[in-house]
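Data block below; observations after.
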Amino acid sequence: MENRQITVTSPLLPDLEDFQQMLCKIWNSKWITNNGYFHQKLEKALAEYLKVPYISLFTNGTLPLITALQALRVTGEVITTPYSFVATTHALWWNGIKPVFVDIDPDTCNLDPAKIEAAITPRTTAIMPVHCYGKPCDIVTIQEIADKYGLKVIYDAAHAFGVEVNGESILKAGDLSTLSFHATKVYNTIEGGALVMRDEQMKKRIDYLKNFGFAGETEVVAPGINSKMDEVRAAYGLLNLKQVDKAIEVRQQVAIRYREVLRDIEGITFFDDIPGVRHNYSYFPIFVEADKYGTTRDELYFKMKERGVLGRRYFYPLISTFSSYRELESAGENNLPVATRLASEVICLPMHHELSQDDITRILSLLVK
Ligand code: T4K
């Protein structure tokens with residue numbers, strides 16, 4: 001039996017020689033950070049690729065969340081999902097904001113819009129949903145609720161690189177959207193991220209905030225932070241942008257193969273593509289219903305691990321169960337039955353551009369009874 005480990009993801013890497021050429025340019029210029037040539041070039045290229053009006057590059061995907069809350073002067077309470085990576089809620093905590101967890105919709109794993117209004121209090125100032133696994137949130141209903149109560153909407157779109165609905169970027173929804181370009185994402189700059197905004201004024205404000213609040217050499221207009229992307233990673237990002245479509249196509253083929261086989265397995269469910277949506281196939285979550293499948297999620301997860309197939313239980317445990325948040329009134333299991341159930345059933349199967357047909361066969365053979 002083959003022992004090679006198959007990991008949940010594998011980073012999309014630029015051609016090394018191409019990257020070395022980029023490095024030579026950076027070395028020659030001696031300009032290595034602070035809004036350099038490659039930084040500006042990548043912002044322009046990404047705005048075009050993503051079909052968004054303005055984008056500001058960051059050094060990872062967590063600082064854009066923290067900065068977005070600062071830029072919109074969000075305070076008090078924010079409604080958010082417990083079914084995400086911890087960074088989503090941590091960004092609220094770092095701004096002194098109280099997270100209010102609302103349950104998710106089982107059909108999408110995203111914040112359930114039908115449950116948002118009941119969680120709004122006089123202290124609520126914003127909603128922070130996540131397009132989990134890159135599946136679009138119900139942006140229309142969320143905006144209607146936000147407009148009705150005068151709330152800001154910040155989308156954590158860390159998983160939603162390149163996702164479009166009817167030809168429109170999902171990143172244009174809400175007041176601001178954040179992206180992560182971490183090594184594990186569909187598109188990576190090693191570490192990296194971005195904020196997507198609608199107008200030039202907001203871009204200016206965000207650009208100040210990510211550079212200590214500097215507006216010119218001697219003037220500081222806000223208590224900013226340092227979260228700029230450097231030239232090396234911006235150059236790397238430019239190279240990866242050229243090959244990301246091809247990587248997404250391979251991922252799509254993997255999803256097609258997975259679905260063909262998984263459709264016939266009782267007790268395992270998964271998401272199908274949504275008509276009109278350009279998916280990015282960033283993750284391939286399956287949900288294991290133990291009573292129908294005959295094996296629990298964890299039994300399957302550890303069996304896979306033993307055989308060298310390293311799926312991941314994204315997002316288990318729920319953020320609301322971590323010690324920093326579990327005392328919140330909204331963190332109780334009774335308030336979050338769907339998220340609690342799905343977190344106990346999920347395994348994200350390996351999903352990346354380097355999976356071979358043999359890898360896929362090996363992974364599926366562990367799932368077929
Ligand atoms: N919002 C959401 C919704 C997010 O999902 C995330 C990040 C954020 C915000 C924050 O964005 P960043 O500040 O991170 O940019 C990973 C990532 O570190 C994290 O970026 C990601 N979400 C989260 C869902 O997953 P881990 O701890 O599971 O990653 P790790 O190191 O175990 O890697 C997973 C697998 O990927 C490895 O088994 C093998 C492969 N891998 C990983 C790395 C780092 C490689 O092949 N090469 C590598 O260099 O958190």
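Below, each value reflects all heavy atoms present in this structure, side chains not excepted, and no hydrogens, waters or symmetry copies. Treat the numbers as computed from the prediction; the structure is a model and nothing was measured. Order of listing sets the numbers, starting from 1, for every ligand and every atom in it.
In terms of protein heavy-atom proximity, atom 5 (O) of ligand 1 is closest to H159 NE2, 2.7 Å. At the shortest separation from atom 10 (C) of ligand 1 among protein heavy atoms lies T62 OG1, 3.5 Å. The protein atom (non-hydrogen) at minimum distance from atom 40 (C) of ligand 1 is T9 O, 3.4 Å. Protein heavy atom at the shortest distance from atom 45 (C) of ligand 1 is P11 CD, 3.6 Å. Considering only non-hydrogen protein atoms, atom 38 (O) of ligand 1 sits nearest to T7 CG2, 4.0 Å. Atom 6 (C) of ligand 1 has its closest protein heavy atom at F85 CD2, 3.4 Å. At the top of the distance list for atom 26 (P) of ligand 1, counting protein heavy atoms only, stands Y314 OH, 3.7 Å. Closest to atom 22 (N) of ligand 1 among all protein heavy atoms lies K185 NZ, 2.8 Å.
Taking the centre and axis of the six-membered ring of F270, the NZ or CZ atom of R259 falls outside the cone set by 45° and 6.0 Å. A cation-pi arrangement, defined by a distance under 6.0 Å to the six-membered ring centre and an angle within 45 degrees of its axis, is absent between K185 and F161.
A heavy-atom separation below 4.0 Å is not found between L310 and ligand 1.
Considering backbone and side-chain atoms together, G61 places an N or O closer than 3.5 Å to an N or O of ligand 1.
Among N35, N34, D207, the one residue that satisfies the side-chain hydrogen bond (donor to acceptor under 3.5 Å, both in side chains) test with K228 is N34. Applying ring-ring contact (aromatic ring centres under 6.0 Å, His included) to H90 and the options F322, Y325, F85 leaves one that passes, Y325.
Within a 4.0 Å radius of atom 1 (N) of ligand 1, the protein has at least one heavy atom.
Distances below 4.0 Å separate heavy atoms of Y283 from the following atoms of ligand 1: 24 (C). Residue A87 has at least one heavy-atom neighbour below 4.0 Å for each of these atoms of ligand 1: 8 (C), 9 (C), 10 (C). Of all atoms in ligand 1, numbered sequentially from 1 with element shown, those under 4.0 Å from a heavy atom of A158 are 1 (N), 2 (C), 3 (C), 4 (C), 9 (C). Close approach of ligand 1 to S180 (heavy-atom distance below 4.0 Å) involves ligand atoms 11 (O), 12 (P), 15 (O). In summary, the atoms of ligand 1 found under 4.0 Å from a heavy atom of S84, numbered by their order in the structure, are 3 (C).
Neither the backbone nor the side chain of F181 comes within contact range of ligand 1; no heavy atom lies under 4.0 Å. Looking at T184 against ligand 1, only its side chain comes within 4.0 Å, counting heavy atoms. Within the 4.0 Å heavy-atom criterion, neither part of Y83 lies near ligand 1.
Judged by distance alone, the side chains of D156 and T88 do bring a donor and an acceptor atom under 3.5 Å apart. With 3.5 Å as the limit, one finds no donor-acceptor pair spanning the side chains of R73 and T125. Using modelled atom types, one finds a donor on one side chain and an acceptor on the other under 3.5 Å when comparing T295 with K369.
Around atom 48 (C) of ligand 1, the closest heavy atom drawn from P64, A183, C132 belongs to A183. Comparing E191, Q5, R312 against atom 30 (P) of ligand 1, the shortest heavy-atom distance belongs to R312.
When every heavy atom of A343 is checked against every heavy atom of F315, the shortest pair comes out as CB-O, 3.6 Å. The two residues L349 and L367 make their nearest non-hydrogen contact at CD1-CD1, 3.9 Å.
By the 30° and 60° cut-offs, the orientation of the rings of Y283 relative to Y314 is perpendicular. In this pair, H279 and Y281 present their aromatic rings tilted. The plane angle is within the 30 to 60° band.
We find the CD-OG1 distance between E289 and T296 to be 13.5 Å, quoted to the nearest 0.5 Å.
Ring-centre distance between Y83 and Y316: not below the 6.0 Å cut-off.
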